[in-house]
Number of protein chains: 2
Amino acid sequence: MIASRPARPDPASVLEDRGYRLTGPRRSVIRLLDRKEEGFSAEDICEELPGVGRATVYRTIRLLLDAGVLCKLALPDGAPKYSLARVEHHHHTFCVTCGNVGEFRDTTIERLLRTIGADIAGEIVGHRMEFYIVCRACLEAPER
Amino acid sequence: MIASRPARPDPASVLEDRGYRLTGPRRSVIRLLDRKEEGFSAEDICEELPGVGRATVYRTIRLLLDAGVLCKLALPDGAPKYSLARVEHHHHTFCVTCGNVGEFRDTTIERLLRTIGADIAGEIVGHRMEFYIVCRACLEAPER
DNA sequence: CGATCATATGATACTTAGTCTCATCTTTTA
DNA sequence: TAAAAGATGAGACTAAGTATCATATGATCG
């Protein structure tokens, strides 16, 4: 068995399940996203797929976000990056050096949410949590 | 003693301490921000201060962000909101109903950060954490 | 198979959030 | 009070994303 990775929902099937057509442009976008490990911007996709219209790229991204198979995260300065979701509910690490996006689940966080829920004057309806890191590879990489 | 609030660094003094001039436009911006409890956008400020140029509003906001006396947070859809900082290091709650911004410190979070630090393959250099809530007042408010 | 009709697409205009430029205006300081 | 440093405002520009609308695609039915 080769380097197994946690199962990742297939974006194409997810779109179909939701009643959307699996068209040429959508396939192109999904195929490209699927190959990306680093966080990417919508404009990256537009540039790499000159045959697909900008509006369609943004529309497809929105469908995938709504379906929960794509995540939108914010860099420290607020700039948006996207990353395909690999596991169900998770949070992100973003390497500020190489742009790699990691996912992690930590039960401490779920506990934290409950603890905070008791502290906060109101009802928690959502949250956002991102960790900016320098990943192992970048820490170990010889300066270049 | 009247409803004491945690000490808040004075934005004007902070700017002066950093060697910036305390000019008329900057005073206007700071005076306005100081009165705002809800999260506000930069354009809100521009509209409420027609005598101050847009560029100056954004520049002042940036100075205050850099100085750490103003916080920039992101709504669930990523839209930016600002809020004056009241305490040193904290996280935010944003009421999705009324827009009120709360701050809180919870030692669970600091512990969480250490725990996660051990899990993550790399070095944490920053983080972002926001909780979207419906605040007590909105929960209790009669539907309108 | 082919007509029909909902759906999707792409070009383009627009919006929002913010930065940049540069000539002018204030402050500070000498 | 003149010179230099710093701040301002008008407006052009950029980035990220949405809206509009005429055209193209593709699923389904006869």
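Residue numbers start from 1 in every chain, and the chains themselves are labelled A, B, ... in the order their sequence lines are given, proteins ahead of strands.
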To the nearest angstrom, how far is [X] atom [atom1] from [N] atom [atom2]?
X       : N      : atom1 : atom2 : value
A/Lys72 : D/dG17 : NZ    : C1'   : 8 Å
B/Leu49 : D/dA10 : CG    : P     : 13 Å
B/Leu75 : D/dA16 : CG    : C1'   : 16 Å
A/Ile61 : D/dT18 : CD1   : C1'   : 13 Å

Quick one: label [X] by what it contacts on the DNA or RNA (base, sugar-phosphate, nothing), any heavy atom closer than 4.0 Å.
X       : result
B/Gly51 : sugar-phosphate
B/Arg54 : base
B/Lys81 : nothing

Strictly below 4.0 Å, N to O, side chains only: are [X] and [Y] in salt-bridge contact?
X        : Y       : answer
B/Glu130 : B/Lys72 : no
B/Glu43  : B/Arg54 : yes
B/Lys36  : B/Glu48 : yes

Checklist line | B/Ala55 side chain, from C-beta outward: closest of D/dG9, D/dA19, D/dT18 | finding: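 Given the options D/dG9, D/dA19, D/dT18, the side chain of B/Ala55 is closest to D/dG9.
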#### Entry: Below 4.0 Å: OP1/OP2 of D/dG17 and any side-chain N or O of A/Tyr82
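Yes, such a contact exists.
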5' precedence on DNA chain C between B/Arg21 and B/Ala79 (nearest-nucleotide basis):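 Result of the comparison: B/Ala79.
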Next on the checklist: Using ring pair (Phe, Tyr, Trp, His ring centres under 6.0 Å), reason through A/His127 and A/His91 one step at a time and then give a plain yes or no.
Outcome noted: CA-CA 10 Å; A/His127 65 274; A/His91 294 99; 5.0 Å; yes
- prompt: Can you name the residues that form a salt bridge (charged side-chain N to carboxylate O under 4.0 Å, His left out) with B/Glu123, not counting sequence neighbours?
  reply: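 By the salt bridge (charged side-chain N to carboxylate O under 4.0 Å, His left out) rule, B/Glu123 matches no residue at all.
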query: Quick one: the side chain of B/Arg59 and the base of D/dG9, do they pair up donor-acceptor inside 3.5 Å?
result: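 A donor-acceptor contact between them is present.
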Quiz item: Going through the checks in order, is the side chain to side chain contact (heavy atoms under 4.5 Å, CB included) test met by B/Val52 and B/Ile45?
Solution: CA-CA 9 Å; B/Val52 177; B/Ile45 305 305; over 6 Å; no
| Which is the 5'-most and which the 3'-most nucleotide of DNA chain C that has an atom under 4.0 Å from a heavy atom of chain B? |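 Result: C/dA17 to C/dT28.
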Practice problem: Decide yes or no on side chain to side chain contact (heavy atoms under 4.5 Å, CB included) for B/Ile61 and B/Tyr82, but give the supporting numbers first. | Solution: CA-CA 9 Å; B/Ile61 284 177; B/Tyr82 297 92; 3.5 Å; yes
